[in-house]
Amino acid sequence: MNAQKIIKISSRVYIGFSILSLAYVSISSIWNPQATMDLVSTQLPNTDAISSIRGIYGGVGLLITFLLIYLLLTDIGKALFFLLLFWAAYSISRLITIWVDGPLGSFGSQWLIIESTFSILGFVLLLLYAGIKKETNVSQQ
């Protein structure tokens, strides 16, 4: 199996895993917003709070999921770029929390590692994918 094929398959697996992860959280949040907030020991005291979690984690998450499915089928490079930004934004937000509010708990610390790893992986895959796209364009000329 050549390097180009490995990069393309790895990119699709990375995007697919991200899609499944986001879809799971989104569907769970639409179905039961409180279960999502139970992960961080936070009670949703009223319907406004419930609808906000359902809307942000559920609705917006589902929109992002559909966008990633579309990009997976049409433009792997854009999907990789989007996911690099997506996971990095989560990581940066957690780092800001550490800086402004103090150390994270075990949940936040675990997810800082996961999201940082995913953003680095996205960056590496994007660079590799851009390299094979450039090679393909040069060889076609």
S.K.: Does the side chain of L44 reach to within under 4.5 Å of the side chain of P33, using non-hydrogen atoms?
M.R.: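 Heavy-atom side-chain distance check passes, below 4.5 Å.
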S.K.: For the hydrophobic clusters of this structure (ILVMFWY residues joined by side-chain heavy atoms under 4.5 Å, transitively), does one cluster hold both I27 and I69?
M.R.: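 Hydrophobic grouping puts I27 with I69.
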S.K.: To check you understand the geometry: which heavy-atom pair defines the closest contact between Y14 and F118, and what is its length?
M.R.: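 The pair with the smallest heavy-atom distance is OH-O, 2.8 Å.
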S.K.: Is a side-chain N or O of N2 found less than 3.5 angstrom from the main chain of K5, in a donor-acceptor match?
M.R.: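 Yes.
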S.K.: In residues 72-83, what donor-acceptor pairs under 3.5 Å come from side-chain atoms, sequence neighbours left out?
M.R.:
{"residue": "T74", "atom": "OG1", "partner": "Y70", "partner atom": "O", "Å": "2.8"}
{"residue": "D75", "atom": "OD1", "partner": "G77", "partner atom": "N", "Å": "3.2"}
{"residue": "D75", "atom": "OD1", "partner": "K78", "partner atom": "N", "Å": "3.1"}

S.K.: Roughly how far, to the nearest 0.5 Å, is CZ of F123 from CG of L84?
M.R.: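 Spacing of CG (L84) from CZ (F123) equals 7.5 Å.
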S.K.: Would Y129 and L127 show up in the same hydrophobic cluster when neighbours are defined by side-chain heavy atoms closer than 4.5 Å?
M.R.: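 Yes, same cluster.
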S.K.: More than 12 heavy atoms of other residues, nucleotides or ligands under 6.0 Å from OH of Y24: is that the case?
M.R.: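 Check fails, neighbour count at 12 or below.
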S.K.: Between the main-chain N or O of I50 and the side-chain N or O of Q34, is there a donor-acceptor pair closer than 3.5 Å?
M.R.: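 Looks like no, no N/O pair under 3.5 Å.
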S.K.: Mind checking whether L63 and L71 sit in one hydrophobic cluster, side chains of I, L, V, M, F, W, Y counted as touching below 4.5 Å?
M.R.: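 No; L71 is not reachable from L63 via cluster members.
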S.K.: Just wondering, do L128 and V124 contact through their side chains at under 4.5 Å, heavy atoms?
M.R.: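 Yes. Closest side-chain heavy atoms under 4.5 Å.
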S.K.: So, for S26 and L62, which heavy atoms are closest and what is the spacing to 0.1 Å?
M.R.: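 In this case the closest contact between S26 and L62 is OG-N, 3.2 Å.
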S.K.: Between I98 and L95, is there a side-chain heavy-atom distance shorter than 4.5 Å?
M.R.: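 Yes, at least one pair of side-chain atoms sits under 4.5 Å.
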S.K.: Could you note down all residue pairs passing side chain to side chain donor-acceptor pair (under 3.5 Å) where residues 110-128 supplies at least one of them, sequence neighbours left out?
M.R.: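 Applying side chain to side chain donor-acceptor pair (under 3.5 Å) to every pair that reaches into residues 110-128, excluding sequence neighbours, yields S91-S116, R94-E115.
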S.K.: Output every pair passing side chain to side chain donor-acceptor pair (under 3.5 Å) with a member in residues 45-65, not counting sequence neighbours, ordered by first then second residue.
M.R.: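 Counting only pairs at least two positions apart or across chains, no side chain to side chain donor-acceptor pair (under 3.5 Å) contact touches residues 45-65.
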S.K.: With the side chain counted from C-beta on, respond yes when I120 and W87 share a heavy-atom pair under 4.5 Å apart, and no when they do not.
M.R.: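 Heavy-atom side-chain distance check fails, nothing below 4.5 Å.
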S.K.: Do S29 and T36 meet the criterion of a side-chain donor-acceptor pair at a distance under 3.5 Å?
M.R.: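 Distance-only check passes for S29 and T36.
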S.K.: Are L85 and L67 connected into the same hydrophobic cluster when the rule is that any two of I, L, V, M, F, W, Y join if their side-chain heavy atoms are below 4.5 Å apart?
M.R.: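 Yes: a chain of side-chain contacts under 4.5 Å links L67 to L85.
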S.K.: Tell me whether V60 shares a hydrophobic cluster with I53, the cluster being built from Ile, Leu, Val, Met, Phe, Trp, Tyr side chains joined at under 4.5 Å.
M.R.: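 As far as the 4.5 Å side-chain criterion goes, I53 and V60 are connected within one cluster.
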S.K.: So which atom in I64 and which in L22 form the shortest heavy-atom distance, rounded to 0.1 Å?
M.R.: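 For I64 and L22, the tightest heavy-atom pair comes out as CG2-CD1, 3.9 Å.
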